[in-house]
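Residue numbering restarts at 1 for every chain, and letters A, B, ... go by the order of the sequence lines.
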Amino acid sequence: MRQSKFYVPTLKENPAEAEVQSHRLLIRAGYIRKVAAGVYTFLPLGKRSLQKIENIVREEMNRFGAQEILMPALQPKELWEKTGRWDAYGPMMMKLKDRKGRDFALGPTHEELITTLVSLDVRSYKELPLNLYQIQPKFRDEPRPRFGLIRAREFIMKDAYSFDVDEDGLKESYEKMRKAYNNVFRRVGLKFIAVKAHTGLIGGSDSEEFMALAEIGEDSIFVCSNCGYAANRELAKSKFTYKWPEEDRALTKMHTPARMSVNDVAQFLSVPETMLIKTMIYRTEKGYVAAVIPGDREAVETKIQTALGVNNVELINPDDFEKLGLPFGYVGPVGLKEILPGVVIVIDERIVDFKNGVTGANEKDYHLTGVTYGRDFVADIVADIAEAKDEDACPNCGEAIKEEKAIEVGHIFQLGTKYSESLDACFLNEKGERKPFFMGCYGIGVSRILSAAVEQNNDDRGMFLPLPIAPFELHLLLLNPADKLLKNTAENLYELLSNNGFEVLYDDREDVTPGVKFSDADLIGIPLQIIVGKKFLEESKVEIKIRSTGERVLVSTENLIEYLNDWKNNEYSKFSAVYEG
RNA sequence: CGGGGCGUGGCGCAGUUUGGUCAGCGCACCUGCCUUGGGAGCAGGGGGUCGGAGGUUCAAGUCCUCUCGCCCCGACCA
């Protein structure tokens, strides 16, 4: 492709609207343009990268037996009402009406559609297992679109759905997708890690997320480098122990005026924060919950959801405290049920041995000391509800776990019969009995991969995508088109490289200085630059610059193709699949 | 949805506090000359009515009201 005719509007300055590197660079380098918050156009460079990512995804899905289809973005309300998700998804769905006033949504996901589809066409166990996927835009009216492509309201997603006769079949399908996903993320060149995950709105039992490591990641994951344990903060288990005073102390009410925070109380009473027990009050669809956790840790709402089997968990606000007759900042589990009848008390499993702790006294300006679990109060539920922290002990092997920030680029779920039952999607088994499909669903944020890759591969001059997803393989720079020899050389090289199967962007622009070409090239970040300029005149060799490392070598034109083939093979071998289909 | 910030040529910004030659700067763009290994130089030129609506005033980019959009921090997710 001749750059003089190629639409690559690069920007010299950072766009004011973009804060994170990947967002800035994708705009500056002419990969994307914003249309509205969380809505983007892909320019030729961006589209080419996207296409490469899609093809890798496609190849791996096909390799593991999935078949590509295409479903509409536009979906009628009725389907969503059957599963109850028209309301559950709520404002996250982009809703609209047709001219007759019929309600539609732009699909945020496709479980309803695919399940209905398959239930109509698949009648027998003989046709199972089946795995169907598509690559297509999804619409989610995110409360807060962010970071360009990373949290967009319209984005490209690969979603796959598997249908099996039973649990074992589902596990097998799931396992295949796990392999496919590992291949995909290796092949697109991301530094990633697979973690245990919370299922959220999609539902189902088991799920794993594929996380691209990045500072700006919105997720926290905990990873054990010793045994390989890895989990999202939303459900990461960890071991930690706090020391409690041995002797039996009496429950004592202490005057702690205007000391509401853990920190204040600990200082005031001259005890470590770990002696304090926090009580957080949440509202759920089944009533109030008091989460009793260590003073120096946060409660994790998704863990509370799991422990109680509820969907909504919301911290109550200070106004609510007053209405409920609770003293804000002084709530504790002892005697709580008398003030708030019906409250479910949940205690974190790692502190059930606590003795002589400090809690709120449920009275303004007072705390209790000497609080001992089992003696002074008992919880209704003992569960893992407190957050894990960096350097906690691994739940499996006991080594220290590390916290990492990451971007979720893929998520696989074992749904079971959640959707097939609510949509009455059944098949006949060998005995002629009607059975609901066992389903799995599997998502990849295709456009998000692009952002994540840029986030992992950039410097102060621009980005450098891994070869498998870079828009071109080579960037041929003709520095001085006015020089006949140089121009001829570059033109010939362009033809030679193209004829040898390389994807080349050829900067043949005549009205642009070398400095601009260098800057644009580094910004756009095509993996390898071939520079035809002064050095060629001096040494009769072209200069090759590896964008990511800045490394430069001189290669004669005769040896160029061989050199490039070696480089290319070597580069691709770094990003090869690990699982066979 | 709560908190904070911002909307002025294509992009990045100044001007708003203290209404009145304030519509300006840099980049980009167009023409010409010149230059060609790290976003060149000189000369000339085109382009905005200040997010939108309403109001106050002799006078509004500047003050008031409403409204729309965008970004950042928190609760949600590929």
Side-chain angles (χ1 to χ4, degrees), chain A residues 9-20 23 27-28 33-39 57 89-92 108-109 135-160 181 197-202 207 209-212 216-219 232 234 282 301-302 305 311-315 317 407-413 441-452 461-462 477-483 486-487 509-523 529 531-538 543 545 552:
Chain A
T10 57
L11 267 36
K12 211 170 194 172
E13 283 171 285
N14 279 325
E17 71 198 27
E19 205 85 351
V20 303
H23 189 196
I27 292 173
R28 277 190 58 204
R33 286 291 182 265
K34 188 182 76 182
V35 175
V39 182
V57 169
Y89 251 93
M92 267 296 249
T109 177
I135 298 173
Q136 172 254 25
K138 291 280 182 288
F139 299 82
R140 294 186 190 173
D141 197 358
E142 292 284 348
R144 189 179 160 205
R146 223 191 313 201
F147 302 156
L149 263 32
I150 290 178
R151 179 163 301 279
R153 294 193 296 171
E154 176 176 345
F155 58 97
I156 311 293
M157 178 169 167
K158 187 285 302 177
D159 47 325
Y181 274 45
H198 182 72
T199 52
L201 260 183
I202 304 286
S207 92
E209 287 167 329
F210 290 78
M211 301 299 236
I216 61 132
E218 297 175 279
D219 282 277
N232 193 304
E234 292 176 342
Y282 293 87
E301 292 181 8
T302 47
Q305 280 176 19
N311 291 320
N312 301 310
V313 171
E314 191 187 357
L315 204 54
N317 58 47
I407 301 165
E408 181 184 356
V409 285
H411 201 159
I412 57 180
F413 300 81
C441 80
Y442 317 92
I444 290 180
V446 173
S447 45
R448 189 181 267 183
I449 287 175
L450 180 55
S451 275
R461 305 198 53 81
L477 306 183
L478 168 58
L479 294 189
N480 184 358
D483 185 301
L486 290 183
K487 169 129 188 173
R509 291 176 295 174
E510 309 230 330
D511 52 352
V512 166
T513 58
V516 173
K517 294 190 177 185
F518 283 130
S519 299
D520 274 347
D522 287 348
L523 180 61
Q529 297 169 14
I531 302 162
V532 179
K534 201 166 67 188
K535 287 236 172 67
F536 181 79
L537 295 177
E538 290 164 355
E543 183 178 8
K545 176 181 160 189
R552 294 165 193 265

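Taking atom C1' on both B/G5 and B/U16, the two are 16 Å apart, rounded to the nearest angstrom. Spacing between B/G26 and B/U62 at atom C1', rounded to whole Å, works out to 23 Å. With C1' as the reference atom, B/G39 and B/U21 are 36 Å apart, rounded to whole Å. Atom name P, nucleotides B/G32 and B/G19: the rounded distance is 48 Å, in whole Å. Separation of the P atoms belonging to B/U67 and B/G46 is 41 Å when rounded to the nearest angstrom. Going from the P atom of B/G48 to that of B/G9 covers 11 Å, rounded to whole Å. With C1' as the reference atom, B/G2 and B/A75 are 9 Å apart, rounded to whole Å. Across B/C13 and B/A59, the matching C1' atoms stand 27 Å from one another, rounded to whole Å.
Nucleic acid contact class of A/Ile156 (heavy atoms, under 4.0 Å, all strands): none. Among the heavy atoms of the strands, none lies under 4.0 Å from A/Ala18. Among the heavy atoms of the strands, none lies under 4.0 Å from A/Lys487. Among the atoms of the strands shown, none is found under 4.0 Å from any heavy atom of A/Glu314. As judged by a 4.0 angstrom heavy-atom cut-off over every strand, A/Gly410 is placed among residues touching the sugar-phosphate backbone only. No engagement by A/Asp159 is indicated, since no non-hydrogen atom pair under 4.0 Å with the nucleic acid exists. Using a 4.0 Å heavy-atom distance criterion, A/Val409 is classed as a sugar-phosphate-only contact. Counting non-hydrogen atoms under 4.0 angstrom, A/Phe147 reaches the backbone sugars and phosphates but no base. Using a 4.0 Å heavy-atom distance criterion, A/Arg552 is classed as a base contact.
Side-chain to base pairing of A/Arg140 with B/C77: no donor and acceptor N or O lie closer than 3.5 Å to each other. Donor-acceptor pairing under 3.5 Å, judged by distance alone, is absent between the side chain of A/Asn480 and the base of B/G37. Below the 3.5 angstrom threshold, one finds a donor paired with an acceptor across the side chain of A/Arg28 and the base of B/G39.
Among B/C76, B/A78, B/G37, the nucleotide with an atom closest to any side-chain atom of A/Lys535 is B/G37. Distances from the side chain of A/Thr10 to the nucleotides B/G39, B/C77, B/G38 place B/G39 closest. Of the candidates B/A75, B/G37, B/C71, B/G37 carries the atom nearest the A/Lys534 side chain, counting heavy atoms from C-beta on. The side chain of A/Glu301 lies closest to B/C76 when the candidates are B/C77, B/A40, B/C76.
Side-chain nitrogen and oxygen atoms of A/Thr513 include none within less than 4.0 Å of the OP1 or OP2 phosphate oxygen of B/G39. Between A/Arg146 and B/C73 there is a side-chain N or O to OP1 or OP2 distance below 4.0 Å.
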Between the protein and nucleotides 2-6 of chain B, list every N/O to N/O distance that falls short of 3.5 Å.
none

Can you tabulate the close N/O pairs, meaning under 3.5 Å, that link protein atoms to atoms of nucleotides 11-14 of chain B?
residue	atom	partner	partner atom	Å
B/G12	OP1	A/Ala16	N	3.0
B/G12	O2'	A/Glu13	OE2	3.3

Might you list the N or O atoms of the protein lying below 3.5 Å from N or O atoms in nucleotides 28-30 of chain B, with each pair's distance?
none

Output one line per pair: protein atom, nucleotide atom from nucleotides 41-51 of chain B, and distance, for all N/O pairs under 3.5 Å.
none

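Here B/U18 sits opposite no nucleotide as a Watson-Crick or G-U wobble pair (both hydrogen-bonding atom distances under 3.5 Å). Pair check for B/C25 finds B/G12; Watson-Crick or G-U wobble, both atom distances under 3.5 Å. Remark: B/A53 base-pairs with B/U65. Criterion, Watson-Crick or G-U wobble with two distances under 3.5 Å. If you check B/G2 for Watson-Crick or wobble pairing at under 3.5 angstrom, you find it paired to B/C73. Pairing partner, B/C33: B/G41, with both Watson-Crick or wobble hydrogen-bond distances short of 3.5 Å.
The aromatic rings of A/Tyr181 and A/Tyr442 stand perpendicular to each other, their planes meeting at an angle above 60°, with 30° marking the opposite boundary.
Checked against side chain to side chain donor-acceptor pair (under 3.5 Å), A/Thr10 has the following partners two or more places apart in sequence or in another chain: A/Asp520.
Between A/Ala37 and A/Glu209, the residue whose closest nucleotide on RNA chain B is further toward the 5' end is A/Ala37. Heavy-atom nearest nucleotides on RNA chain B were determined for A/Pro481 and for A/Ser447, and the one closer to the 5' end corresponds to A/Pro481.
The heavy-atom pair separating A/Gly533 from A/Leu486 by the smallest distance is O-CD2, 3.5 Å.
Put simply, CG on A/Asn14 and CD1 on A/Ile27 are 9.5 Å apart, with the number rounded to the nearest 0.5 Å. Separating the CD atom in A/Glu301 from the CG atom in A/Leu315 is a distance of 6.5 Å, to the nearest 0.5 Å.
Pairs of residues two or more places apart, or lying in two chains, that qualify as salt bridge (Lys or Arg N to Asp or Glu O under 4.0 Å) and include a residue from residues 142-153 of chain A are A/Asp141-A/Arg153, A/Glu142-A/Arg151, A/Arg146-A/Glu218, A/Arg151-A/Glu218.
Side chains of A/Asp159 and A/Gln136: a donor-acceptor N/O pair is absent below 3.5 angstrom, by distance only.
Taking 4.5 Å as the limit, every side-chain heavy atom of A/Asn480 sits out of range of all side-chain heavy atoms of A/Lys534. Looking at heavy atoms from C-beta onward, A/Arg28 lies in side-chain contact with A/Leu523 at the 4.5 angstrom threshold.
No aromatic stack links A/Phe518 and the base of B/G39, using centre distance under 5.5 Å and interplanar angle under 30°.
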